[in-house]
Q: 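Dropping the structure in here first, questions after.
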Amino acid sequence: MPTRPCWVEISTGALEHNFGFLRTLAPPGSELLAIVKADAYGHSLELCAPAAVRAGAQWLGVTSVEEGIAARSLCPQARILVMGAVFSGQHPQLIRHNLTPVVWEPFHFESLKAAAHVANAAPEDLPVHLEIDSGMSRQGASSHHLDPILAQLGKLSPFRVEAVMTHLYASDESDGAATARQLARLDQALTRIVPATRPEWLSVGASAALLGSDVQPIAALAQRFGLKMMLRPGLALYGVAPRFEPPFGQADAPYALAEAYKSLQPVLAWKTQVVSLRDIPPGAEIGYNGTFVATEPMRVALLAVGYADGLDRRLGNRFSLLLRGRRAPFVGRISMDQSVIDVTEIPGVEPGDEVMILGSQHGETITAFDHADATGTIPWEVFTRIAARVNRVGV
Ligand SMILES: *Cc1c(COP(=O)(O)O)cnc(C)c1O
């Protein structure tokens, strides 16, 4: 049945292209773990996880066991890393679905051990990725408190440290100083962990690391410890290059970033339609509380999109969408399920006309950064707030 016309089109071809392009930026022998957490950043896990695998991804990254189980049903062969915590009662499912946990607390090993015992795991059967807190104070073991963790990892334990992982918190800062401090802490931790556990991978770096200047220092660290390098791009996979601060100039942009501006293709387009049109006289108020009052005769169009679809309510009276390739400003407040745009200057508008909320139309583009800048947030939040009721359609 046709649905209310507020939908997202996902170009799986663009995602495959982006993965292939990002691979060309990663050093030879390194691996890209495709981040598909949070329903592939709102782009649909169902569409994007198989596309990443078609493009050559061996690894997928999700937040939770439940996301991991969903990814497993779509991608039976992929390695799937659960990057957030595994919660009480979830360990048997983790093992049954062959999901790989990130561990950083001694108690994580206790709960895993019990589930591994029930599943008859042999010594070193269960790969884990050991996360080090190198400066974010969020997830990960402090490099000064590794003893109780290393004590869990003897030869007879069911665990094998497959990767040592950390998360960089300022790869988008152009001077690289914060990353250098983080990598120095990681270096200290590796000095203890590598001889004791012989990991295979060093898993460091998201999109900004891959497109900025952090790849070389990460690669140097990996090489020094004889580790292969794993990077974990998310946003770039969906066709958006992060912004750097301060911005790079034309001349000093890292090669990868300059290439990314040319090559990355947006994966998502968010669309709606004109529901109906009306001509209003001067003095007419539009929307809740009459925050917009017409000062001249106007033609306005009602749209099938509102804040319950993930359209930020703060865009009312301060953002415009694309209709027939022209900008049409929101007038009045955004309602829960509806909004109104001014089409006075756009001739020939009819019910059923397609309206671009985020994406390109006739050579004009509204980006996730445009939405983010208008509401004081970041593209990651713009994408992940597109509501579940908005259909994702593969194109
Ligand atoms: C989300 C996430 C990433 C991807 O970050 P992007 O900036 O979107 O590339 C990488 N690593 C971890 C641990 C994450 O949680």
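For this chain, numbers begin at 1 and follow the sequence in order. When a ligand or atom number is given, it counts from 1 through the structure's own listing order. Owing to the predicted nature of the structure, the values given are computational and were not obtained by experimental measurement.
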Q: State whether the side chain of Ser174 and the backbone N or O of Glu245 hold a donor-acceptor pair below 3.5 Å, judged by distance alone.
A: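 Judged by distance alone, yes, a pair lies under 3.5 Å.
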Q: Looking only at the aromatic ring of each residue, does the gap between the centers of Phe383 and Tyr238 stay below 6.0 angstrom?
A: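 So the answer is no for these two rings.
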Q: Between Arg232 and ligand 1, which part of the residue brings a heavy atom under 4.0 Å of the ligand: side chain, backbone, both or neither?
A: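 For Arg232, the contact with ligand 1 is made by both the backbone and the side chain.
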Q: Only heavy atoms of Tyr41, strictly under 4.0 Å: list the atoms of ligand 1 that pass.
A: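 Those atoms are 1 (C), 4 (C), 5 (O), 6 (P), 8 (O).
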Q: In terms of atom number and element, which parts of ligand 1 are under 4.0 angstrom from non-hydrogen atoms of Trp380?
A: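 The atoms of ligand 1 under 4.0 Å from a heavy atom of Trp380 are 6 (P), 7 (O), 8 (O).
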Q: Any atom of ligand 1 sitting under 4.0 Å from a heavy atom of Pro233?
A: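 Within the 4.0 Å threshold, so yes.
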Q: Which distance, rounded to the nearest 0.5 Å, do you find between the NE2 of His371 and the CZ of Arg314?
A: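 Rounded to the nearest 0.5 Å, the NE2-CZ separation comes to 13.0 Å.
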Q: I need the nearest protein heavy-atom contact for atom 12 (C) of ligand 1: residue, atom name and distance, please.
A: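 Among all protein heavy atoms, the one nearest atom 12 (C) of ligand 1 is His167 CE1, 3.4 Å.
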Q: In terms of the angle between their ring planes, are His108 and Trp104 parallel, tilted or perpendicular, with boundaries placed at 30° and 60°?
A: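 Because their plane-to-plane angle is over 60°, the rings of His108 and Trp104 count as perpendicular.
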Q: Does the N or O separation between Gly234 and ligand 1 drop below 3.5 Å for any pair?
A: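 Between Gly234 and ligand 1 (N or O atoms, distance only) the closest approach is under 3.5 Å.
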Q: Can a salt bridge be assigned to the pair Asp133 and Arg185 using a cut-off of 4.0 Å between side-chain N and carboxylate O?
A: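 The answer is no: the pair does not qualify as a salt bridge.
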Q: In this structure, which one of Glu31, Met165, Met229 forms a side chain to side chain contact (heavy atoms under 4.5 Å, CB included) with Trp201?
A: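 Answer after filtering Glu31, Met165, Met229: Glu31.
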Q: Tell me which part of Ile35 gets within contact of ligand 1: side chain, backbone, both or neither, using heavy atoms under 4.0 Å.
A: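 Looking at Ile35 and ligand 1, just side chain atoms fall under 4.0 Å.
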Q: Can you sort out which atoms of ligand 1 are near Lys37, meaning under 4.0 Å from one of its heavy atoms?
A: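 That gives atoms 1 (C), 2 (C), 3 (C), 14 (C), 15 (O) of ligand 1.
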Q: Report the nearest protein non-hydrogen atom to atom 9 (O) of ligand 1: residue, atom name, distance rounded to 0.1 Å.
A: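 Nearest protein contact, heavy atoms only, for atom 9 (O) of ligand 1 is Ser207 OG, 2.5 Å.
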Q: I need the minimum non-hydrogen distance between Cys75 and Ile80, along with the two atoms involved.
A: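 Nearest heavy atoms, Cys75 then Ile80: O-CD1, 4.4 Å.
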Q: Ion pair present between Glu67 and Lys37, side-chain N to carboxylate O less than 4.0 angstrom?
A: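 No, this pair does not count.
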Q: Considering non-hydrogen atoms of the protein only, which is the closest contact for atom 5 (O) of ligand 1, and what is the distance?
A: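 Looking at atom 5 (O) of ligand 1, the protein heavy atom closest to it is Ala206 CB, 3.3 Å.
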Q: So if I count the atoms of ligand 1 from 1 in the order they appear, which ones are less than 4.0 Å from some heavy atom of Leu235?
A: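 This gives 6 (P), 8 (O), 9 (O) as the contact atoms.
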